[in-house]
Amino acid sequence: MILSDPVELLLPTTIHLMVVLTVLLVMAFRSAAGTVMRRLRFVWLVLLVWGYVGSVPKLTDLLLADLEGSPTQNQALSLQRDEATAIIVLSSGEMRTPGGTTRIRHDVMGWERIHGGVRLWRQTGGKMIFTGGPPGDPSQSIAAASSRIAQDMGVPVSATVLASEAWNTEQELHAIQLQLKDHRGPIYLVTSAVHMPRALAIAKSAGLPVTPYPVGFRQIAHHSWRTWLPSNSTLERAGAVLHEWVGLWVYRIKRSS
């Protein structure tokens, strides 16, 4: 859990940060009274605690589990073949380069969502609705790129729909609500498990009666004493949790104002 590769020791890592803060803390408490180092002892202590809390897999996993829910929840769904089914797949990836030109590249979450959506479609049938801009030429959107991957996996072109005229989840789901206003079949929402609470809140405000189908669970299945040790991979997971919590609260504030 601490290092995935010993080569990481040659890079600035969480472990190095913890060692440096520990050394500074010890030096501060051993310094003479009245010195700058001595006065900063509680600063080093707070930073050390902060660094530990943010880099320990166990603590991040508690927050992830709260957002994601049970990793087995999809197994409890009663899936039936119904050609009136609509499966909304929220795409994820890069749409533009720093220079402003369009370049579609799916990230890990994007691939997980496509594969999860196709897996669901194979059981239910119906249509798959892929989201993702940039607005403009639909064929150059991340929605189109996601659709093409699904087609390579056996989904017919006639079973795919693009919703590419939006920049974010809120715009996407409100646009889809207009497309599905007369829909009578089941509607499933496929997105990353950590993103699902925010996506569900937006879908509810848009009047979309969706059934969640989360994919890409990131919580740790089995814990050991090692999950209480700082890990170089935890910051990325902690960042995903923080992003979703902040996004969820910002959305709630916007809706209440």
Side-chain angles (χ1 to χ4, degrees), residues 1-71 73 90 92-94 98 105-113 168-169 191-201 214-254:
M1 288 299 299
I2 300 178
L3 287 174
S4 59
D5 190 325
V7 172
E8 291 182 25
L9 287 173
L10 301 177
L11 302 171
T13 65
T14 301
I15 294 175
H16 292 118
L17 174 64
M18 300 296 290
V19 170
V20 170
L21 289 173
T22 300
V23 171
L24 289 172
L25 183 62
V26 172
M27 291 176 58
F29 274 95
R30 298 181 65 176
S31 297
T35 61
V36 173
M37 181 63 77
R38 179 75 174 185
R39 289 197 294 267
L40 290 175
R41 63 190 183 281
F42 292 111
V43 173
W44 306 131
L45 178 60
V46 169
L47 290 176
L48 181 61
V49 172
W50 181 38
Y52 176 78
V53 169
S55 62
V56 173
K58 175 65 176 180
L59 300 179
T60 296
D61 198 53
L62 293 175
L63 298 176
L64 267 174
D66 183 59
L67 278 172
E68 295 183 336
S70 171
Q73 59 188 277
L90 302 182
S92 178
E94 295 181 356
R105 184 173 67 180
H106 291 92
D107 54 22
V108 173
M109 293 186 294
W111 285 100
E112 290 171 339
R113 296 174 189 182
N168 55 49
T169 303
T191 190
S192 303
V194 70
H195 180 241
M196 186 60 79
R198 184 156 58 103
L200 282 179
V215 297
F217 288 84
R218 305 175 75 177
Q219 56 188 279
I220 300 171
H222 303 287
H223 291 277
S224 69
W225 62 270
R226 290 179 178 273
T227 58
W228 287 101
L229 298 177
S231 168
N232 292 322
S233 63
T234 302
L235 288 180
E236 188 268 336
R237 296 166 69 242
V241 171
L242 184 60
H243 176 81
E244 290 304 323
W245 274 118
V246 170
L248 191 57
W249 280 106
V250 168
Y251 180 73
R252 287 173 177 171
I253 292 172
K254 285 172 58 180

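As a basis for the values below, the full set of heavy atoms in this structure was taken, side chains included, without hydrogen atoms, waters or symmetry mates.
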Q: So, the side chain of S192 versus the backbone of V194: is there a donor-acceptor pair under 3.5 Å, distance only?
A: no
Q: Nearest heavy-atom pair of P57 and I220: which atoms, and what distance?
A: CB-CD1, 3.8 Å
Q: Closest approach of H195 and L90, non-hydrogen atoms and distance?
A: CE1-CD1, 3.7 Å
Q: Give me the atom names and distance for the closest heavy-atom approach of G69 to Q219.
A: O-NE2, 3.0 Å
Q: I'd like to check T22 versus L48 (side-chain heavy atoms, cut-off strictly below 4.5 Å). Are they in contact?
A: yes
Q: Restricting to non-hydrogen atoms, name the atom on R113 and the atom on T191 that form the minimum distance, rounded to 0.1 Å.
A: CZ-OG1, 3.2 Å
Q: To the nearest 0.5 angstrom, please state how far the CD atom of E112 sits from the CG atom of D107.
A: 8.5 Å
Q: R39 side chain to G34 main-chain N or O, any donor-acceptor pair under 3.5 Å?
A: yes
Q: Any heavy-atom pair between the side chains of E68 and M196 that's under 4.5 Å?
A: no
Q: Report yes if some heavy atom in the side chain of Q73 is under 4.5 Å from a heavy atom in the side chain of P214; otherwise report no.
A: yes
Q: State, yes or no, whether a side-chain contact exists between V49 and V53 at a heavy-atom distance under 4.5 Å.
A: yes
Q: Going from CG on L229 to OG1 on T234, what distance comes out if it is rounded to the nearest 0.5 angstrom?
A: 10.0 Å
Q: Keeping to residues at least two apart or across chains, list the side-chain hydrogen bond (donor to acceptor under 3.5 Å, both in side chains) pairs with something in residues 43-61.
A: D61-H223, D61-R237
Q: Might you point out which heavy atoms bring A33 and R38 nearest each other, and give the distance in Å?
A: CA-CG, 4.1 Å
Q: Please name the pair of heavy atoms, one in L21 and one in L47, separated by the smallest distance, quoted to 0.1 Å.
A: CD1-O, 3.6 Å
